[in-house]
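We count residues from 1, following the sequence as given. As a basis for the values below, the full set of heavy atoms in this structure was taken, side chains included, without hydrogen atoms, waters or symmetry mates. None of the values given here were measured: they were computed from a predicted structure.
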Amino acid sequence: VIYWNHASERLYGYTEAEALGKNLEDLIIPDPMREGVISLIQNWHDQGIPIENGELTLRKKNGDPILVYSSHVMIQNLSGEKEMFCIDIDMDASRRMATALKASEERYRDLTENTSDGLWEVDKEGLFTYASPKFIELAGDGHAAGFDHGQRLSRQRAAARRGGGQPGRDLHGSATD
């Protein structure tokens with residue numbers, strides 16, 4: 001290891017001082033992968049066969065596994081020596097964020113799909129980008145019942161909706177850019 005940044009410290013738990021001068025396979029490569037990784041690095045160095053980018057389960061300092069997306073570059077320095085750099089992205093964190101986003105989207109969808117209020121959204125051209133089932137039900141005519149994403153909201157219908165609609169009907173909408 002000739003370079004170890006703060007992101008690597010956070011990701012793997014080794015300080016720069018602990019990592020510099022060590023073999024990568026001794027730090028973060030799990031034992032079952034060790035010989036294969038050494039062979040891949042040697043083949044790239046000697047024969048120019050690059051290591052494919054992809055997801056790998058590597059090892060933190062404390063021994064815990066960590067899923068990363070690893071990409072690699074081989075450069076030749078000013079002295080003519082080949083140097084390999086690895087760029088690893090924490091997929092565990094990425095997957096946790098994706099899971100949280102999906103859960104948030106599902107909560108939002110449940111709210112908008114099951115509210116007693118009619119909700120809609122139109123873009124700046126007046127095209128629907130969203131209409132809740134309750135909006136379609138409350139709109140009360142065949143035109144709205146056949147609502148399709150991208151259908152234009154007529155000025156007359158938009159004015160009627162902004163004017164409060166009919167008694168007992170709650171309609172809420174928004175316009176987006």
* Determine, stepwise, if the pair Glu137 / Lys134 fulfils salt bridge (Lys or Arg N to Asp or Glu O under 4.0 Å). => CA-CA 5 Å; Glu137 176 189 326; Lys134 193 64 173 183; 3.1 Å; yes
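- To the nearest 0.5 Å, atom CG of residue Asn23 and atom CD1 of residue Ile38 are 7.5 Å apart.
- The NZ atom of Lys61 sits 10.0 Å away from atom CD of Glu9, with the distance rounded to the nearest 0.5 Å.
- Of the N and O atoms on the side chains of Thr129 and Asp123, not one donor lies less than 3.5 Å from an acceptor on the other residue.
- The aromatic rings of Trp120 and Phe135 sit tilted, their planes meeting at an angle between 30° and 60°.
- At distances below 3.5 Å, not a single donor-acceptor pair connects side-chain atoms of Ser8 with backbone N or O atoms of Trp4.
- In this structure, Met91 is not a member of the same hydrophobic cluster as Ile87, with clusters built from ILVMFWY side-chain heavy atoms closer than 4.5 Å.
- Contact of the Val122 side chain with the Leu127 side chain is not registered, since no non-hydrogen atoms from C-beta on lie closer than 4.5 Å.
- Only one option out of Leu27, Ile28, Leu24 pairs with Leu58 in a side chain to side chain contact (heavy atoms under 4.5 Å, CB included); it is Ile28.
- No continuous path of ILVMFWY side-chain contacts below 4.5 Å connects Leu67 to Met33, so the two sit in separate hydrophobic clusters.
- Side-chain atoms of Tyr69 and Asp90 form no donor-acceptor pair, as typed in the model, at a separation below 3.5 Å.
- With rounding to the nearest 0.5 angstrom, the CG atom of Asp92 is 7.0 Å from the NZ atom of Lys60.
- When hydrophobic clusters are built by joining Ile, Leu, Val, Met, Phe, Trp and Tyr residues whose side-chain heavy atoms come closer than 4.5 Å, directly or via intermediates, Leu119 is not grouped with Tyr108.
- One finds no salt bridge joining Arg59 and Glu25 here, because no Lys/Arg side-chain nitrogen approaches an Asp/Glu carboxylate oxygen to under 4.0 Å.
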* To do: Please lay out, stage by stage, how Thr112 and Tyr130 fare under the test side-chain contact (heavy atoms from CB on, under 4.5 Å).
  => CA-CA 10 Å; Thr112 60; Tyr130 175 78; 3.2 Å; yes
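- Under the 4.5 Å side-chain heavy-atom criterion for ILVMFWY residues, a single connected hydrophobic cluster contains both Leu20 and Met84.
- Within the 3.5 Å criterion, the main-chain N or O of His45 finds a donor-acceptor partner in the side chain of Lys82.
- Judged by distance alone, the side chain of Thr115 and the main-chain N or O of Asp117 form a donor-acceptor pair under 3.5 Å.
- Counting heavy-atom neighbours within 6.0 Å of Glu52 CD, excluding the residue itself, gives a total of 12 or less.
- Within the model, atoms OG of Ser132 and CG of Leu138 stand 7.5 Å from one another, a figure rounded to the nearest 0.5 Å.
- Within the model, atoms CD1 of Ile89 and OG of Ser94 stand 8.0 Å from one another, a figure rounded to the nearest 0.5 Å.
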* Val68 vs Glu55, side-chain contact (heavy atoms from CB on, under 4.5 Å): CA-CA, chis, key distance, verdict -> CA-CA 5 Å; Val68 299; Glu55 289 185 9; over 6 Å; no
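- Aromatic ring pairs are classed by plane angle as parallel below 30°, tilted from 30° to 60° and perpendicular above 60°; the pair Trp44 and His72 is perpendicular.
- Using a 4.5 Å cut-off between side-chain heavy atoms of Ile, Leu, Val, Met, Phe, Trp and Tyr, with links allowed through other members, Met74 and Leu40 fall into the same hydrophobic cluster.
- For the atom pair Asn53 CG and Asp88 CG, the distance stands at 10.0 Å (nearest 0.5 Å).
- Of the N and O atoms on the side chains of Glu18 and Thr15, at least one donor lies less than 3.5 Å from an acceptor on the other residue.
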